[in-house]
Amino acid sequence: CPGGGGDEGGQDGGGGQRGAADGAAAAAGPDQLEGTGSIADDAIHLKRRVGLVSGVALIVGTMIGSGIFVSPSGLLERTGSIGMSFVIWMACGLLSLLGALSYAELGTMNPSSGAEYAYFMDAFGAPPAFLFSWASTLVLKPSQMAIICLSFGKYAVEAFVTECEPPEIVVKMVALLAMVVILYVNCYSVNLATSVQNVFTAAKLVAVLIVVLGGAYKMFEGHTQHLMEPFKNTKFSIGNIATAFYTGLWAYDGWNNLNYVTEEIKNPSRNLPRSIVIGIPLVTICYALINVSYLTVMSPMEMTTSEAVAVVFGARVLGPMAWLMPLSVTVSTFGSANGTLFAAGRLCFAASREGHLLDILSYVHIRRYTPSPGLIFHSIIAGAMVMYGTIDSLIDFFSFTAWIFYGGAMLALIVMRHTKPTYPRPYKVPIIIPYLVLVISVYLVVGPIIDKPTFEYLYASFFILGGMVFYVPFVHYKLRIPFMDGVTVFLQMLLEVAPTSTMLE
Ligand code: ARG
């Protein structure tokens with residue numbers, strides 16, 4: 001298959017990983033399938049179980065997480081007006097759709113799982129592919145986890161201290177507590193993690209429905225005063241608009257999730273683009289309605305100062321049932337965090353198996369068959385991010401890094417139209433679309449730096465490129481550190497984990 005090149009590095013260790021990867025993939029729910037391994041390493045035969053409905057559910061379920069319950073205030077603050085916020089919310093939906101359509105071509109052309117990793121390998125070779133797995137294992141996935149857990153903490157605490165600012169340290173402690181519980185669930189059993197995911201995904205849809213119906217009711221009562229003069233006070237600055245996009249795009253993140261599980265989609269050349277065309281506009285409509293709903297009960301001013309908009313909304317609309325709102329949001333964020341850690345663990349597991357990270361991270365618990373070292377590793381990084389970061393700073397940091405790679409995928413598509421013209425392309429996106437998304441991603445990455453250069457962006461860039469310091473000796477020249485084997489054995493005994501090859505014998 002043309003995508004074979006995308007996984008060259010995985011051939012050697014692939015056979016050994018079959019047990020855990022298959023076990024986990026077989027039990028994983030839709031939200032959790034990203035990063036379950038690569039098709040070309042031949043060891044992992046994933047059944048084609050995802051049809052159109054589950055494809056749509058996979059996209060919608062991943063995209064709707066914490067963002068829509070937390071981001072509206074940040075976005076409004078950055079744009080200054082409800083009209084401009086609304087335009088950006090819709091533009092984020094459109095950008096996600098265009099990005100996802102381009103990913104549909106990439107995904108149907110190169111059917112390997114692992115999305116960007118495989119495409120970079122095909123288009124640019126091993127070093128950029130390594131930098132992607134390096135940055136996503138160490139930064140992207142943990143920061144997703146940290147943002148969602150912080151949102152969980154915020155809503156869980158806010159439920160008890162309605163309409164006043166909850167103490168930051170308490171929010172962080174609750175976020176860490178949630179992280180530990182989720183880590184335990186994921187290390188304990190794949191089935192438990194999956195069940196938690198399914199129950200919590202349903203709850204998130206209930207939360208969305210409550211807000212939309214509540215807003216519609218208030219609208220009928222005639223509460224439209226805050227929707228007048230929508231563009232008053234708009235702030236027009238390149239950097240503000242770009243960072244406002246970051247906030248909105250966080251709520252839409254997950255639009256490329258189906259590309260992580262391409263080999264499990266039934267008739268992917270048809271169902272991948274269709275799921276995208278149905279799923280993303282659906283989320284966009286939900287977000288538009290939720291934003292209008294919020295404004296039926298609070299003024300733009302209140303919205304920017306409110307720490308947890310959905311709680312305020314619940315308090316004003318649901319009367320004695322107000323507790324429903326923070327509860328469903330905490331449940332929804334807990335579910336997203338669970339799915340995100342699961343995926344993160346799989347990604348870590350897959351990247352280390354391909355010789356890109358430490359061996360120990362690809363080991364699996366000897367009885368529970370969970371990739372616990374990878375999960376623990378991710379949780380430690382995410383825990384540090386929870387302690388030292390805030391939701392907004394982490395979202396900026398995440399989006400900056402993520403959009404470098406989304407832009408990179410667009411470039412990969414354009415480059416491969418020229419370098420791999422004979423690859424089969426069952427779905428071909430109009431070439432103007434990836435060009436457009438590429439230009440926008442350059443703007444999204446460069447805009448905030450030009451407008452307000454902060455050290456975070458510099459650190460993030462150094463961090464990504466710094467991966468080369470490890471790539472050259474350890475991946476390219478396969479250098480071994482002498483004492484590392486001792487450390488690996490020690491950790492192996494401590495955590496009761498083993499390489500999956502020994503467990504299959
Ligand atoms: N859009 C989600 C939210 O608003 C975050 C999704 C994180 N991304 C992912 N691929 N799991 O919380």
Side-chain angles (χ1 to χ4, degrees), residues 28-36 57-75 89 92-93 95-96 99-100 103 113-116 132 135-137 139-155 175 178 182 186 193 197 200-201 203-205 207-208 211 245-261 279-280 282-284 286-287 290-291 308-310 328-347 378 382 385 391-392 394-395 397-399 401-403 405-406 409:
D31 254 18
Q32 306 155 336
L33 287 166
E34 61 180 63
T36 41
L58 173 59
I59 291 180
V60 174
T62 312
M63 287 172 77
I64 302 179
S66 60
I68 188 61
F69 305 112
V70 180
S71 305
S73 339
L75 214 150
W89 274 107
C92 288
L95 180 59
S96 309
Y103 268 64
S113 276
E116 293 87 351
F132 168 75
S136 53
T137 317
V139 178
L140 287 177
K141 288 285 161 195
S143 60
Q144 281 176 350
M145 180 72 182
I147 298 165
I148 302 174
C149 284
L150 277 171
S151 312
F152 169 89
K154 193 166 166 171
Y155 272 89
I182 293 165
N186 278 270
Q197 188 63 25
F200 286 57
T201 298
K204 107 175 58 179
L205 292 175
V208 170
V211 179
F245 262 102
Y246 280 180
T247 314
L249 285 168
W250 164 253
Y252 285 95
D253 198 69
W255 50 263
N256 59 345
N257 242 17
L258 216 46
N259 282 64
Y260 288 92
V261 293
I280 298 175
L282 197 71
V283 173
T284 312
C286 282
Y287 286 3
I290 292 178
N291 269 293
V309 264
S328 27
V329 180
T330 43
V331 164
S332 150
T333 43
F334 188 88
S336 302
N338 180 63
T340 301
L341 182 67
F342 188 101
R346 310 302 308 161
L347 187 83
H378 266 291
M385 288 177 168
I391 294 185
D392 285 336
L394 283 170
I395 287 181
F397 187 58
F398 164 82
S399 305
T401 319
W403 278 90
F405 292 116
Y406 296 155

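Read the numbers this way: they start at 1 and go in the same order the structure lists the ligands and their atoms.
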query = If you look at every heavy atom in Met145 and Ala382, which pair is closest and at what distance?
reply = CG-CB, 3.8 Å
query = Hey, is Thr340 touching ligand 1 through its side chain, its backbone, both or neither, going by heavy atoms under 4.0 Å?
reply = side chain
ask   = Does Ala251 come within less than 4.0 Å of ligand 1, judged by its heavy atoms?
value = yes
inquiry  = Evaluate Tyr252 against Trp89 for side chain to side chain contact (heavy atoms under 4.5 Å, CB included), listing each step before the verdict.
reply    = CA-CA 9 Å; Tyr252 285 95; Trp89 274 107; 3.7 Å; yes
inquiry  = Side chain or backbone, does Tyr287 bring an N or O within less than 3.5 Å of an N or O on ligand 1?
reply    = no
Nitrogen or oxygen atoms of Ile68 and ligand 1 under 3.5 Å apart = no
query = Asp392 versus Trp250: any side-chain heavy-atom pair under 4.5 Å?
reply = no
task = Output the list of atoms in ligand 1 that are nearer than 4.0 Å to some heavy atom of Gly67, sorted by atom number.
result = 3 (C), 4 (O), 12 (O)
query = What closest approach, in Å, do Phe69 and Ser332 show between heavy atoms, and which atom pair accounts for it?
reply = CE1-OG, 4.0 Å
ask   = N/O to N/O below 3.5 Å, does that happen between Met63 and ligand 1?
value = yes
ask   = Mind checking whether Ile148 has an N or O less than 3.5 Å away from an N or O of ligand 1?
value = no
ask   = Between Thr62 and ligand 1, which residue portion shows a heavy-atom distance shorter than 4.0 Å: side chain, backbone, both, or neither?
value = both
message = Check the orientation of Trp255 and Trp403. Use parallel for under 30°, tilted for 30 to 60°, and perpendicular for over 60°.
response = tilted
note = All heavy atoms of Cys149 vs all of Ala337, minimum pair found to be SG-CB, 4.0 Å
query = Between Lys154 and Ser66, is a side chain to side chain contact (heavy atoms under 4.5 Å, CB included) present by the stated rule, with each step listed?
reply = CA-CA 11 Å; Lys154 193 166 166 171; Ser66 60; over 6 Å; no
query = Quick one: which ligand 1 atoms are inside 4.0 Å of a heavy atom on Gln144?
reply = 7 (C), 8 (N), 9 (C), 10 (N), 11 (N)
